[in-house]
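Single-structure report; data block below.
Since the structure is predicted, the reported quantities are computational estimates derived from the model, not experimental observations. Here is how names work: the chains are called A, B, and so on, in the same order as the sequence lines, proteins then strands, and each is numbered from 1. Reckoned from all heavy atoms, side chains included, excluding hydrogens, waters and symmetry mates.
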Amino acid sequence: MNSLTSLAQSEGGFWLPPARSTFAQMTDDHFFFVYWVSVFFFLVVVLLMIYFMFRYSKPAGTPAESHVDHNLPLEVVWTGIPSLLVIYMFWIGFQGYIELSTPPTDGYNVHVEASRWSWAFRYPENGAEASGANADLNQILSSSETLEEKDKQIAALFETEGLHLPPGVPINLTLTSADVLHAFYTPDFRTKLDIVPGRVRRIWFEPTESGVYALYCAEYCGTDHSKMRSRVVVHETREDFDAWLEKAGSYDTTRPWSELGEKVYKRKGCISCHSIDDKPTNKIGPTWKNLWGSTRKYTENDVMGSAVADEDYVLESIRDPMRKIANGYTPQMPIKKVTEEEILFLFEFMKSISTYSDSGKSGG
Amino acid sequence: MSDGYLSTSTEQPGVKTVGVNYLNVTRTIASWLLTLDHKRIGLMYLVGVLSTFFLGGIFALLVRTELWSPNPILTADPDTYNRWFTAHGAIMVFLVIIPGVPAALGNFVLPLMLGAKDVAFPRLNLMSFYLWLTGALFFIYTLFSGGIDTGWTFYTPYSVKSPSSVIPVLTGVFILGFSSIFTGMNFLVTIHKLRPPGMTWYKMPLFLWATYSTAVIQVLATPVLAITLLLLIMERTLGVGIFDPAHGGDPVLFQHFFWFYSHPAVYIMIVPPMGVVSELIAVHSHKRIFGYKYIAFSSVAIAIFSFIVWGHHMFTSGQSEVMNAVFSAITFSVSIPSAIKIFNWLATLYKGSIRLTTPMLYGLSFIFLFSIGGLTGLFHAVLTTSIPLHDSYFVVAHFHYVMLGSGLIGFFGGLHHWWPKMTGKMFSEFWGRIACGLIFVGFNVTFFTQFVMGSQGMPRRYYTYAQKFQIYHQISTVGSYIMAAGFVLMAFYLLQSLVGGRKAPANPWGGNSLEWHTPTPPPTENFAVTPEATDPYDYTELEYDPQIDGYTSRAHA
């Protein structure tokens with residue numbers, strides 16, 4: 001397909017966004033091949049139609065000039081040529097597809113976890129974890145700031161969060177979903193893969209340029225499907241990336257736990273469904289504001305019950321979210337991988353945003 | 001010998017049957033609701049389909065208006081938006097397009113084209129209408145019980161978990177499926193058994209070939225949907241693990257089952273309108289259809305291929321690479337019969353005597369829009385380009401070009417073509433052409449823009465979106481308003497024609513299939529004497545009569 005390379009626009013154009021992965025170029029070549037074939041046939045059909053439409057437009061009652069009703073050579077030609085073209089189209093698509101479904105063995109591995117409605121990115125190298133930060137991103141995007149200001153805030157947000165990748169190496173992603181179907185979609189890399197709960201999916205690509213790229217969920221997943229967006233950050237150098245990775249791999253334990261808890265709240269995606277203010281929101285779970293120490297009414301196996309929101313209650317709600325369903329909410333919470341340390345941080349964070357009496361302070 | 005039955009025409013003075021037709025033979029409401037007359041059932045279907053089209057259109061406008069801006073316009077609640085697009089899709093697919101041409105137009109036209117008194121099983125026919133109505137009531141109930149937010153595809157496991165009214169809609173679709181199966185069976189038997197003397201398979205109007213091919217799909221594919229939906233209902237109510245991994249099921253299995261029906265269903269939506277267009281192009285060009293057998297067999301080929309391409313909806317879903325490759329290859333095979341139809345229609349225009357009537361404008365619009373709809377299908381069949389375009393607005397645009405731009409445009413073409421026969425009245429040609437123009441322009445503004453936005457990376461089913469897509473969304477929304485204006489105008493002049501329209505001649509366009517050889521509107525029994533088959537595409541024996549602005553048989557004049 002090298003002969004067609006010139007057709008593709010690596011900087012993006014009317015039809016396609018910039019091509020930023022090694023096989024994006026190939027995909028674009030195929031796109032434009034099909035495109036020009038389509039334009040050609042469309043013009044042939046429509047121009048002939050318009051010409052006939054006017055040329056043979058006659059007053060009522062005029063008999064047709066001809067009643068010829070078949071022509072075998074013509075049928076053979078207009079069946080044969082399109083057939084050959086589509087066989088060729090299949091062939092290039094098939095060959096390209098083999099290439100992009102054969103992951104290299106030396107790629108850099110990252111695990112992507114999708115859940116409603118957040119992303120989490122985990123790095124096997126040192127256990128580092130970053131979130132998709134889509135709640136913060138959505139807040140910035142829907143604010144009334146200027147575009148420049150928004151860009152600045154987004155850039156700051158994704159200095160720490162987002163899917164960070166090293167440059168110049170193939171990336172192997174494994175992807176899992178905690179609840180329903182999602183899809184990993186990065187238009188600039190021309191990649192898309194459905195993430196199926198109960199399966200581990202794999203995808204690979206190799207970014208060709210450093211930068212910040214859009215990441216979308218492309219498989220409808222309910223309420224905030226459209227807000228399940230994040231960014232992919234491809235670093236300038238491997239050193240940059242390694243520095244980021246080291247920082248992301250640790251909680252800065254010199255900071256107060258309530259502050260670290262807020263980080264957990266954002267990274268693990270709690271933020272997607274639980275607000276931390278008492279304003280009415282359309283979030284799907286109860287607010288955490290003043291939750292700690294309050295008496296919670298719930299339904300467990302169709303039996304009503306109540307409990308004080310303390311360590312035991314919150315721990316159970318995280319580990320076994322479908323067990324006690326707070327009144328007024330539906331059982332939708334996914335089970336997240338949260339370490340014990342992180343849960344301790346969360347306790348402190350929840351306490352810090354609640355006013356509560358001592359009786360609720362400990363489960364004893 | 002061939003035109004004896006014309007003598008019951010209302011244009012013939014001194015015949016007792018003058019003025020009595022299927023519309024006015026009885027006038028009670030019960031005589032309509034309990035009718036076994038295929039023409040009345042067809043009209044009731046038509047009223048139903050057009051009403052639900054209006055409803056689905058309202059939801060389309062709500063969706064397009066909300067998308068004017070990435071910030072809230074009509075609602076700040078994404079769930080509300082999700083319910084709108086689901087309602088739009090489900091109503092349009094299951095209530096409007098699938099029954100549109102076969103059940104509404106087909107019911108009216110098919111027995112007339114066969115010179116038959118009715119379909120083979122008139123009671124079954126009435127029952128299939130009431131099944132449609134019951135399904136529609138389930139949909140309406142759902143709208144009032146909070147709506148459903150799964151998308152019309154009901155993908156698991158979301159549809160298992162969704163807190164919205166999933167079960168009533170699934171029940172509705174289940175019932176609608178039987179309506180569709182009964183219509184299909186009825187048409188299969190009718191075409192096999194009730195053809196008039198002399199009508200061999202190759203003398204059937206192409207609309208009948210298309211309806212026949214569709215009926216095969218309806219009967220064979222729809223039960224798969226029915227059982228799939230039943231399994232989904234069982235999973236939701238009883239927690240049986242079939243599709244939800246939380247219960248030990250497999251969500252990809254649902255997609256296989258769903259598309260095993262729903263891909264053939266695309267051809268249930270498009271093949272009958274193709275049949276309509278074959279009639280429109282030939283009749284309004286007053287020229288024998290070109291490549292009759294190629295068009296006929298391309299319908300059959302599409303019906304057969306339609307069963308083995310479902311996997312192309314699942315290229316990114318997690319089915320194996322080998323299956324993706326096989327489905328990609330087979331998918332291209334569908335493009336060939338579609339291309340053959342287009343070329344043969346073009347050749348029919350060549351050296352014809354074309355009248356740019358309203359139905360003809362719809363026929364030509366179909367060729368234009370279906371060319372785009374078909375060619376953009378190629379992008380989805382090539383595995384490499386399919387991946388980024390999948391689930392983007394590119395595919396949204398593609399299937400709207402096929403389902404609305406071709407399927408419904410064909411339906412409206414047929415509606416105008418047979419409107420005089422159905423109602424006995426002519427609509428305003430002037431307003432008809434203007435409405436067609438508005439719809440054509442509005443449609444392209446709406447959906448061509450969506451190709452660009454999709455290939456640029458805009459995912460579908462999004463309540464909010466990145467700023468850079470706003471301009472495309474706004475153009476698209478403006479287009480949808482233009483289109484809506486066209487449809488509203490159409491509603492006005494069609495309704496106006498019922499009260500103030502000029503009386504329609506028996507054969508206003510110069511068609512030669514049998515439905516044009518009976519009075520307008522037809523009597524209840526369709527034909528006074530069982531007619532013999534005509535050559536449906538031989539127009540040489542017809543003569544234009546300017547006094548009635550219609551055509552009469554030369555033998556008669």
Side-chain angles (χ1 to χ4, degrees), chain A residues 15-17 27 30-31 34 38 41-42 45-46 48-49 52-53 56-58 60-67 69-70 75 78-79 82-83 86 89-90 93-94 96-97 101 142 180-181 183 185 187 190 192-194 196-199 201 216 218-227 282 330, chain B residues 71 77-79 151 155 157-158 161 163 245 251-252 286-292 294 316-318 321 325 328-329 332 335-336 339-340 342-343 346 349-356 364 367-368 371-372 375 378-379 382-385 387-388 390-391 452 455-457 459 461-464 544:
Chain A
W15 285 106
L16 297 171
T27 303
H30 296 175
F31 181 94
V34 179
S38 301
F41 277 96
F42 175 72
V45 168
V46 166
L48 276 177
M49 181 183 93
F52 292 161
M53 199 173 129
Y56 300 112
S57 200
K58 303 274 168 66
T62 317
E65 288 174 33
S66 151
H67 280 286
D69 64 357
H70 66 282
E75 300 282 353
W78 68 41
T79 307
S83 298
V86 297
M89 281 179 196
F90 163 73
F94 174 61
Y97 181 68
S101 38
S142 62
V180 300
L181 294 175
Y185 176 35
R190 312 286 191 269
K192 185 178 289 120
L193 194 74
D194 288 13
V196 183
R199 295 190 186 188
R201 306 299 318 282
Y216 296 114
E219 187 64 64
Y220 176 69
C221 56
T223 311
D224 277 340
H225 168 54
S226 67
K227 295 180 183 169
N282 54 29
T330 50
Chain B
N71 299 315
D77 178 12
D79 279 327
Y155 267 22
Y158 184 66
K161 297 176 198 280
V252 180
H286 304 276
K287 189 191 151 204
R288 176 170 280 280
I289 189 93
F290 194 90
Y292 174 94
Y294 298 94
T316 69
S317 74
E321 283 86 0
S328 164
F332 283 108
S335 64
I336 301 302
I340 289 174
I342 291 199
F343 293 133
L346 272 185
L349 295 176
Y350 176 69
K351 291 197 173 176
S353 168
I354 299 173
R355 283 182 76 191
L356 296 176
L364 298 171
I367 294 181
F368 183 101
S371 296
I372 297 182
L375 288 165
L378 296 173
F379 293 85
V382 177
L383 281 167
T384 42
T385 52
I387 287 167
H390 180 79
D391 272 334
V452 184
S455 61
Q456 287 287 354
R461 295 176 170 172
Y462 262 33
Y463 163 74
T464 182
Y544 179 69

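- Side-chain contact between B:Arg355 and A:Lys58 is absent, with no heavy-atom pair separated by less than 4.5 Å.
- Looking at B:Pro78 and A:Ser226, their side chains never come closer than 4.5 Å, going by heavy atoms from C-beta outward.
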For this session: Go through A:Tyr220 and B:Tyr155 one step at a time and tell me if the ring pair (Phe, Tyr, Trp, His ring centres under 6.0 Å) criterion holds.
Result: CA-CA 9 Å; A:Tyr220 176 69; B:Tyr155 267 22; 9.8 Å; no
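- Classified by interplanar angle (parallel below 30°, tilted 30° to 60°, perpendicular above 60°), the ring pair B:Phe343/A:Phe41 is tilted.
- Below 30°, between 30° and 60°, or above 60°: for A:Phe52 and B:Tyr350 the angle between ring planes is between 30° and 60°, a tilted geometry.
- Scanning all heavy atoms of the two residues, the minimum distance from A:Thr27 to B:Thr384 falls at CG2-O, 3.4 Å.
- A:Pro197 touches chain B through backbone and side chain together, each having a heavy atom under 4.5 Å away.
- To the nearest 0.5 Å, atoms CZ (B:Arg461) and CD (A:Glu219) are separated by 7.5 Å.
- Rounded to the nearest 0.5 Å, atoms CD1 (B:Ile367) and CE (A:Met49) are 6.0 Å apart.
- Interface residue B:Leu364: backbone and side-chain heavy atoms are both found under 4.5 Å from chain A.
- The candidate from B:Leu378, B:Ile372, B:Asn71, B:Thr464 with the greatest count of non-hydrogen atom pairs under 4.5 Å with chain A is B:Thr464.
- Only the side chain of A:Val46 has a heavy atom closer than 4.5 Å to any heavy atom of chain B.
- Contacts between A:Val34 and chain B at a heavy-atom distance below 4.5 Å involve backbone atoms as well as side-chain atoms.
- Taking every heavy atom of both residues into account, B:Phe379 and A:Ser38 meet most closely at CE1-OG, 3.9 Å.
- Using a 4.5 Å heavy-atom cutoff, the side chains of A:Leu181 and B:Tyr158 are not in contact.
- A donor-acceptor contact under 3.5 angstrom links the side chains of B:Thr316 and A:Asp194, judged on distance only.
- Counting heavy atoms from C-beta on, the side chains of A:Pro82 and B:Ile336 come closer than 4.5 Å.
- Summarising the geometry of A:Leu16 relative to B:Ser455, their closest heavy-atom pair is CD2-O, 3.7 Å, with the distance given to 0.1 Å.
- Both the backbone and the side chain of A:Ser142 have a heavy atom closer than 4.5 Å to some heavy atom of chain B.
- For A:Pro17 against B:Gln456, the heavy-atom pair with the smallest separation is N-OE1, 3.3 Å.
- The residue among B:Ala339, B:Ser335, B:Gly151, B:Pro251 with the most heavy atom pairs within less than 4.5 Å of chain A is B:Pro251.
- Residues A:Arg190 and B:Ile387 are not in side-chain contact: their nearest non-hydrogen atoms beyond the backbone lie 4.5 Å or more apart.
- Put simply, CZ on A:Phe31 and OG1 on B:Thr385 are 8.0 Å apart, with the number rounded to the nearest 0.5 Å.
- Nearest approach of B:Pro245 to A:Gly198, heavy atoms of both residues: CB-CA, 4.1 Å.
- Within a 6.0 Å radius of NE2 in A:His70, other residues, nucleotides and ligands contribute 12 heavy atoms or fewer.
- Evaluated for a salt bridge (Lys or Arg N to Asp or Glu O under 4.0 Å) with A:Asp69, the options B:Lys351, B:Arg288, B:Lys287 yield exactly one hit, B:Arg288.
- Proximity to chain A (any heavy atom under 4.5 Å) is shown, for B:Ser328, by both the backbone and the side chain.
- A 4.5 Å side-chain heavy-atom check between B:Phe290 and A:Glu75 finds at least one atom pair inside the cut-off.
- In terms of heavy-atom pairs under 4.5 Å with chain A, the best-connected choice from B:Tyr294, B:Phe368, B:Tyr463 is B:Tyr294.
- Interface check for chain B: of the options A:Phe90, A:Tyr185, A:Phe94, the most heavy-atom pairs under 4.5 Å are formed by A:Phe90.
- By number of non-hydrogen pairs under 4.5 angstrom with chain A, the leading residue of B:Ile354, B:Ile340, B:Ile342 is B:Ile354.
- The main-chain N or O of A:Val180 is never found under 3.5 Å from a side-chain atom of B:Lys161 such that the two would form a donor-acceptor pair.
- Inter-residue side-chain proximity for A:Met53 and B:Leu349 is flagged as unmet; no heavy-atom pair is nearer than 4.5 Å.
- When every heavy atom of A:Gly93 is checked against every heavy atom of B:Leu383, the shortest pair comes out as O-CB, 3.7 Å.
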